[in-house]
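Position 1 is the first residue of the sequence; numbering continues from there. Just so it is clear, the model here is predicted, and its values are computed rather than measured.
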Amino acid sequence: MAIITYIEALNQALKEEMRWDERVVIWGEDLISMNGVFGQTKDIYDEFGGDRIKDTPICEQAIAGMAMGAAYRGLRPIGVFMNAGFSLCAFDTVFLKLGCIAGSLGGGSSNTGVHGYRISMPVVLYGVVGGQRDDNDHGMSPEALYMHAPYLKIVMPSTPYDVKGLMKTAIRDEYPVIFSDHAWCFFMGHKDGEIVRSREAVSQEVPEKEYLIPFGKADVKRQGNDVTLVTYSFMVHVALAAAYNLAEEGISVEVVDLRTIVPLDVEAIIASAKKTGRLLIVHEAMKRGGSAGEILWRVHEEAPDLVRSLKSFKRLAAKNLPLNAHYGPRLVPSVDTITDTVKGMMNT
């Protein structure tokens with residue numbers, strides 16, 4: 001086991017998969033010139049050369065279209081938009097093409113990607129969410145938009161161990177995957193009830209031998225008995241910091257990291273909520289139309305008696321305003337707002 005950072009774990013995953021399968025290619029913005037901006041693609045050009053990794057123009061529609069075409073012809077492309085919000089410039093290709101017809105194109109048996117009447121489309125579309133940077137499109141979290149597409153899987157890790165295992169699984173998947181890292185996971189994490197910026201906070205033991213993490217398998221990051229807190233991406237760290245502080249006051253919070261929101265591990269949420277009797281769903285994206293509503297109703301549909309028996313269930317998310325540097329810090333859930341919400345739930 002080596003102790004490595006989030007960025008280092010992601011970089012390892014990309015290199016290992018490119019060594020494993022020569023069909024894996026990476027195309028996108030600032031991959032060579034800036035190492036993926038945050039260092040995600042560091043040294044990949046030096047090892048694999050310009051045929052396997054390419055800087056593209058800042059044209060997300062072209063990146064998505066190239067990736068779809070390349071997958072159709074037998075490659076396993078990773079298309080990098082830099083920021084997940086930029087994917088909206090390619091919404092037609094991402095949502096309508098990859099998201100709606102990629103799994104049902106059909107085709108003749110001469111195409112090696114055909115599985116019966118379904119054709120594989122192994123595309124990973126990568127972008128960074130969060131960070132509350134200056135422009136609205138840099139920091140937004142568009143995952144709820146893509147949840148509506150029938151063939152898109154959505155991955156949003158929180159730790160070095162998870163990002164490596166999930167990225168390797170994404171690259172090997174036969175269908176399109178939206179893979180979103182949070183900018184703050186690169187630099188910040190939780191420690192003793194606070195969010196801190198340090199190498200230690202973003203580092204974790206990661207196995208040197210190969211491992212994969214299956215999609216649709218949540219991870220309980222902290223055991224608890226009083227409240228189930230379901231979340232993903234950087235909000236996992238915020239939730240763990242809040243849970244640490246609440247434990248000092250005698251309130252036991254179980255933190256469930258979804259890891260993927262499509263597919264969704266409803267069973268893990270139900271199991272935890274049955275134990276605690278209270279359910280809080282937290283995400284950084286805007287509240288209206290956000291993933292929390294879908295998650296809660298999935299729980300209700302599969303365990304209606306549980307939802308009726310809960311002492312309290314709530315969602316906590318950003319206000320319905322742009323998540324930029326001006327508004328963002330005052331809008332998204334924080335250690336304090338999570339703490340206050342949980343205390344309020346304990347009074348019901």
Side-chain angles (χ1 to χ4, degrees), residues 1-21 24 26 38 40-41 76-78 80 84 120-130 141 143 146-147 151-182 184-186 189-190 202-223 228-237 239-240 254-272 283 291 295 298:
M1 301 280 279
I3 298 176
I4 58 176
T5 68
Y6 191 102
I7 286 288
E8 290 167 345
L10 176 58
N11 183 256
Q12 281 187 10
L14 296 173
K15 290 176 180 175
E16 289 176 11
E17 293 305 293
M18 294 181 79
R19 295 170 190 142
W20 172 74
D21 191 338
V24 178
I26 309 178
F38 295 102
Q40 300 99 314
T41 55
R76 307 187 77 87
I78 305 167
V80 179
S120 65
M121 192 60 65
V123 174
V124 177
L125 295 177
Y126 176 88
V128 175
V129 301
S141 297
E143 65 268 15
Y146 294 123
M147 289 178 74
Y151 295 119
L152 294 180
K153 298 174 182 178
I154 304 174
V155 182
M156 301 189 74
S158 65
T159 66
Y161 177 86
D162 288 355
V163 73
K164 182 174 181 179
L166 289 168
M167 176 55 82
K168 291 169 75 70
T169 300
I171 293 170
R172 299 188 190 192
D173 199 280
E174 293 300 324
Y175 296 100
V177 177
I178 302 291
F179 199 103
S180 297
D181 281 328
H182 196 291
W184 284 351
C185 286
F186 302 153
H190 67 282
V202 297
S203 298
Q204 186 182 28
E205 284 190 341
V206 175
E208 295 182 354
K209 65 180 182 180
E210 180 175 271
Y211 67 96
L212 304 176
I213 296 175
F215 290 167
K217 186 67 174 177
D219 184 40
V220 177
K221 291 290 196 283
R222 182 185 177 106
Q223 297 284 341
T228 293
L229 197 163
V230 174
T231 189
Y232 53 88
S233 192
F234 186 72
M235 281 294 119
V236 171
H237 295 276
L240 288 169
E254 181 150 297
V255 178
V256 179
D257 181 356
L258 292 176
R259 290 172 163 171
T260 66
I261 57 176
V262 179
L264 179 67
D265 191 350
V266 181
E267 291 77 12
I269 302 171
I270 291 172
S272 179
H283 60 69
S291 62
I295 293 167
R298 286 285 304 280

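Here the side chains of Arg259 and Leu166 are in contact, with some heavy-atom distance below 4.5 Å. Annotation: side chain of Val255 is not in contact with side chain of Val220 (no heavy-atom distance under 4.5 Å). Using a 4.5 Å cut-off on side-chain heavy atoms (C-beta onward), Val123 and Val177 make no contact. Considering only heavy atoms from C-beta on, Ile269 comes within 4.5 Å of Ile295 through its side chain. Between Leu10 and Asp181 there is a side-chain heavy-atom pair separated by less than 4.5 Å. For the pair Gln204 and Ile4, the minimum side-chain heavy-atom distance is 4.5 Å or more. Considering only heavy atoms from C-beta on, Ile3 stays 4.5 Å or farther from Val206 through its side chain.
Here the closest non-hydrogen pair linking Val129 and Ala84 is CG1-CB, 3.5 Å. Nearest heavy atoms, Met147 versus Ser291: SD-CB, 3.5 Å. Minimum interatomic distance between Ser180 and Pro157 (heavy atoms only, all atoms of both residues): O-CD, 3.4 Å. A pairwise comparison of heavy atoms in Ser158 and Ser233 identifies CB-O, 3.3 Å as the closest pair. For the pair Ala9 and Pro160, the tightest heavy-atom approach, listed with the atom from each and the gap, is CB-O, 3.3 Å. Closest approach of Gly130 to Ser141, counting heavy atoms only: N-OG, 4.5 Å.
The side chain to side chain contact (heavy atoms under 4.5 Å, CB included) search around Ala271 returns none, not counting sequence neighbours. Residues passing the side chain to side chain donor-acceptor pair (under 3.5 Å) test with Gln12, sequence neighbours excluded: Lys164. Under the side chain to side chain contact (heavy atoms under 4.5 Å, CB included) criterion, Glu208 pairs with Ala2, not counting sequence neighbours. Every residue two or more places apart in sequence or in another chain that forms a salt bridge (Lys or Arg N to Asp or Glu O under 4.0 Å) with Glu17 is listed here: Lys168, Arg172. Qualifying side chain to side chain donor-acceptor pair (under 3.5 Å) partners for Lys221, counting only residues two or more places apart in sequence or in other chains: Asp162, Asp219, Asp257. Not a single salt bridge (Lys or Arg N to Asp or Glu O under 4.0 Å) links Glu143 to another residue, sequence neighbours left out. With sequence neighbours excluded, no residue forms a ring pair (Phe, Tyr, Trp, His ring centres under 6.0 Å) with Phe215. In this structure His283 satisfies the ring pair (Phe, Tyr, Trp, His ring centres under 6.0 Å) test with no other residue, sequence neighbours excluded. For Tyr146, the side chain to side chain donor-acceptor pair (under 3.5 Å) criterion is met by Ser87, not counting sequence neighbours. Looking at residues two or more places apart in sequence or on another chain, you find no ring pair (Phe, Tyr, Trp, His ring centres under 6.0 Å) involving Tyr232. With sequence neighbours left out, Thr5 forms a side chain to side chain donor-acceptor pair (under 3.5 Å) with Glu8. In this view, Phe179 satisfies the ring pair (Phe, Tyr, Trp, His ring centres under 6.0 Å) rule with no residue, not counting sequence neighbours.
Exactly one of Val124, Asp173, Ile178 qualifies for a side-chain contact (heavy atoms from CB on, under 4.5 Å) with Lys153. That residue is Asp173.
Taken from CZ in Arg76 to CD1 in Ile26, the straight-line distance is 13.5 Å, to the nearest 0.5 Å. Between the CE atom in Met1 and the NZ atom in Lys209 there is a gap of 9.0 Å [rounded to 0.5 Å]. To the nearest 0.5 angstrom, Ile154 atom CD1 is 4.5 Å from Ile261 atom CD1. Here the straight-line distance linking atom NZ of Lys15 with atom OG1 of Thr41 works out to 9.5 Å at 0.5 Å rounding. Rounding to the nearest 0.5 Å places CD1 of Ile7 at 11.5 Å from OG of Ser203. For the atom pair SG (Cys185) and CE (Met235), the distance works out to 9.5 Å, reported to the nearest 0.5 Å.
A donor and an acceptor atom, one from each side chain of Tyr126 and Gln40, are located under 3.5 Å apart. No donor-acceptor contact under 3.5 angstrom links the side chains of Thr228 and Glu254, judged on distance only.
The aromatic rings of Trp184 and Phe234 stand perpendicular to each other, their planes meeting at an angle above 60°, with 30° marking the opposite boundary.
Annotation: Phe38 is in aromatic contact with Phe186 [ring centroid separation under 6.0 Å].
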